[in-house]
Colleague: 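Can you keep this structure in mind? I'll have questions shortly.
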There are 2 protein chains.
Amino acid sequence: MRPLVHPSIEDITVEGILHALSDPVRAAIYAELAVSSGATCSNFLKISDRDIPKSTLSQHFRALREAGLIRSERYGVEMRNSTRCEEINRRFPGLVMAIMQAHQVQAAERLQATKRKPATRKKAG
Amino acid sequence: MRPLVHPSIEDITVEGILHALSDPVRAAIYAELAVSSGATCSNFLKISDRDIPKSTLSQHFRALREAGLIRSERYGVEMRNSTRCEEINRRFPGLVMAIMQAHQVQAAERLQATKRKPATRKKAG
DNA sequence: TCCTGTAGTTCGTAACTTATGAACTATAGA
DNA sequence: TCTATAGTTCATAAGTTACGAACTACAGGA
């Protein structure tokens with residue numbers, strides 16, 4: 001098993017951060033880690049009623065880690081993950097916070113929309 | 001030729017914005033449009049010493065447009081583009097500004113690095 | 001030491017996305 | 001109409017992502 005890759009702070013790129021957080025599953029994982037540091041990979045096998053296969057989850061964690069957004073450490077059989085938000089915020093002030101806030105705005109809007117018409121799932125046309 | 005697609009403000013997603021701006025060419029185009037509204041597609045055939053084929057450019061403009069980041073209008077033979085930053089900022093306050101600022105921080109750092117060792121082009125290892 | 005269970009990774013491949021040259025449409029002006 | 005300019009679309013090659021199956025890694029027994 002190859003060792004975990006954590007880029008040093010100066011190797012983290014804006015492109016990498018945006019790409020990593022442009023995926024809704026990864027954004028949800030990151031948001032959760034921001035409030036519950038130390039969560040493991042398998043804490044996310046279900047994300048908002050959706051089952052995520054563990055191989056897929058593992059890839060998502062790798063993407064977040066290699067973008068520099070999270071730090072993963074092995075404790076016995078499991079991996080504890082935490083965000084690197086302080087470091088990143090020092091280098092790119094306000095970036096990650098603005099992204100997470102925007103995701104929250106959108107989540108709140110979607111919740112409202114679901115309340116208004118519960119049984120419909122809309123498709124872009 | 002199919003008509004230009006501009007999503008309405010409520011159909012713009014955070015994922016879409018992040019994905020669109022996670023590409024360095026598109027981020028550069030957007031940054032330039034933010035200061036010089038009305039620029040055309042072929043104003044960008046060269047981006048920081050790199051030649052971009054016009055079919056590729058056309059796709060990048062489409063990506064920005066369909067993510068809701070820019071508005072394109074035909075004037076005679078050319079397309080004038082402008083950002084939709086005010087609308088977006090109303091819905092996702094601070095998001096686009098934070099991203100552009102982060103891109104600027106990174107560009108400034110890269111300029112510094114180039115000055116220090118001019119002939120080297122580094123590769124991630 | 002071996003067995004079993006749990007946590008996560010890697011591999012192979014199918015599905016999707018992106019980049020680009022060639023051929024096209026659209027418009028302006030002579 | 002002819003020519004030039006601006007941009008789009010198409011076909012396809014190259015790259016990326018998702019996920020099941022098979023794997024590694026570790027802990028706690030027996």
Colleague: Per the atom types in the model, does the base of D:dG20 pair as donor or acceptor with the side chain of A:Ser55 at under 3.5 Å?
Modeller: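 For A:Ser55, whose side chain was compared with the base of D:dG20, there is a donor-acceptor pair (under 3.5 Å).
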Colleague: Do A:Glu87 and A:Ile12 make a side-chain contact, defined as non-hydrogen atoms from C-beta onward lying under 4.5 Å apart?
Modeller: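 Side-chain contact under 4.5 Å: no.
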Colleague: What are the two closest non-hydrogen atoms of A:Ser37 and A:Ser82, and how far apart are they?
Modeller: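 Minimum heavy-atom contact is OG-CB, 3.2 Å.
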Colleague: Across the strands shown, which category fits A:Arg62 at heavy-atom distances under 4.0 angstrom: base, sugar-phosphate, nothing?
Modeller: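 Answer is nothing: A:Arg62 stays at 4.0 Å or more from every strand.
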Colleague: May I ask you to verify if any side-chain N or O of A:Thr56 is less than 4.0 angstrom from the OP1 or OP2 atom of D:dA18?
Modeller: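 Negative; the distance criterion is not met.
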Colleague: Under 4.5 Å between side-chain heavy atoms, hopping through other hydrophobics if needed: is there a path connecting B:Phe92 to B:Met100?
Modeller: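 Yes, because B:Phe92 and B:Met100 connect within a single hydrophobic cluster, where side-chain heavy atoms sit under 4.5 Å apart.
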Colleague: Mind checking whether B:Val25 and A:Val14 sit in one hydrophobic cluster, side chains of I, L, V, M, F, W, Y counted as touching below 4.5 Å?
Modeller: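 Cluster IDs for B:Val25 and A:Val14 match.
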Colleague: Which part of the nucleic acid, if any, lies within contact of B:Asn43, taking any heavy atom under 4.0 Å across all strands shown: a base, the sugar-phosphate backbone alone, or nothing?
Modeller: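 The answer is nothing, as B:Asn43 stays clear of every strand by at least 4.0 Å.
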Colleague: Please identify the 5'-most and 3'-most nucleotides of DNA chain C with any atom under 4.0 angstrom from a heavy atom of chain B.
Modeller: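 The footprint of chain B covers C:dT18 to C:dA28.
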Colleague: Are B:Arg26 and B:Leu69 close enough that some pair of their side-chain heavy atoms sits under 4.5 Å apart?
Modeller: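 With C-beta onward as the side chain, the pair stays apart.
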Colleague: Rounded to whole angstroms, how far apart are CZ on B:Arg80 and C1' on D:dT5?
Modeller: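 So the two atoms are 14 Å apart, to the nearest Å.
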Colleague: How would you summarise protein contacts on nucleotides 22-30 of chain D per nucleotide, using B for base, S for sugar-phosphate only and - for none, with heavy-atom distances below 4.0 Å?
Modeller: --BBBS---
Colleague: Taking atom C1' of D:dT5 as reference, at what distance in whole Å does atom CG of B:Leu45 sit?
Modeller: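 Result: 12 Å.
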Colleague: Indicate, with yes or no, if A:Leu33 and A:Ile47 share a hydrophobic cluster defined by side-chain heavy-atom contacts under 4.5 Å among Ile, Leu, Val, Met, Phe, Trp and Tyr.
Modeller: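 Same cluster.
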Colleague: With side chains defined as the heavy atoms from C-beta onward, is the minimum distance between B:His103 and A:Glu15 less than 4.5 Å?
Modeller: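 Of all side-chain heavy-atom pairs linking A:Glu15 with B:His103, at least one is under 4.5 Å.
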Colleague: Is the side chain of B:Thr114 donor-acceptor paired with the backbone N or O of B:Arg110 at a distance under 3.5 Å, no angle test?
Modeller: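 Indeed, once roles are kept as given, a pair shorter than 3.5 Å links the two residues.
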Colleague: For A:His19 and for B:Arg2, locate the closest nucleotide of DNA chain D by heavy-atom distance; then report the residue assigned to the nucleotide nearer the 5' terminus.
Modeller: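 Whichever sits nearer the 5' end wins; that is B:Arg2.
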Colleague: Are the side chains of A:Glu32 and A:Asn81 in touch, meaning some heavy atoms are under 4.5 Å apart?
Modeller: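 They are not in contact (no side-chain heavy atoms under 4.5 Å apart), so the answer is no.
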Colleague: Starting from C1' on D:dG20, measure out to CD1 on A:Ile52 and report it in whole angstrom.
Modeller: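 Distance, rounded to whole Å: 15 Å.
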Colleague: Between atom CG in A:Leu57 and atom C1' in D:dA18, what is the gap in whole Å?
Modeller: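 Rounding to the nearest Å, CG of A:Leu57 and C1' of D:dA18 are 12 Å apart.
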Colleague: Over how many whole Å does the gap from B:Gln59 atom CD to D:dA6 atom P extend?
Modeller: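 Rounding to the nearest Å, CD of B:Gln59 and P of D:dA6 are 19 Å apart.
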Colleague: Enter the distance from A:Leu64:CG to A:Ile70:CD1 here, rounded to the nearest 0.5 Å.
Modeller: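 The CD1 atom of A:Ile70 is 5.0 Å from CG of A:Leu64, to the nearest 0.5 Å.
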Colleague: With nearest nucleotides of DNA chain D determined for B:Arg65 and A:Arg26 from heavy-atom distances, which residue corresponds to the more 5′ nucleotide?
Modeller: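 Checking each residue's closest nucleotide, the 5'-ward one belongs to B:Arg65.
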Colleague: Kindly work out whether a path of hydrophobic side-chain contacts (I/L/V/M/F/W/Y, heavy atoms less than 4.5 Å apart) joins A:Ile9 to A:Tyr30.
Modeller: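 Same hydrophobic cluster.
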Colleague: Describe the nucleic acid contact of A:Ser42 in one word from base, sugar-phosphate, nothing, applying a heavy-atom distance below 4.0 Å.
Modeller: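 Sugar-phosphate, backbone atoms only, no base.
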Colleague: Which ones in residues 30-38 of chain B lie close to DNA chain D, meaning a heavy atom under 4.0 Å from one of its atoms?
Modeller: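 Per residue number, the list is empty: none.
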Colleague: Should A:Ile29 and A:Leu57 count as side-chain neighbours, where that means a heavy-atom distance under 4.5 Å?
Modeller: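 Contact flag for A:Ile29/A:Leu57 side chains = yes.
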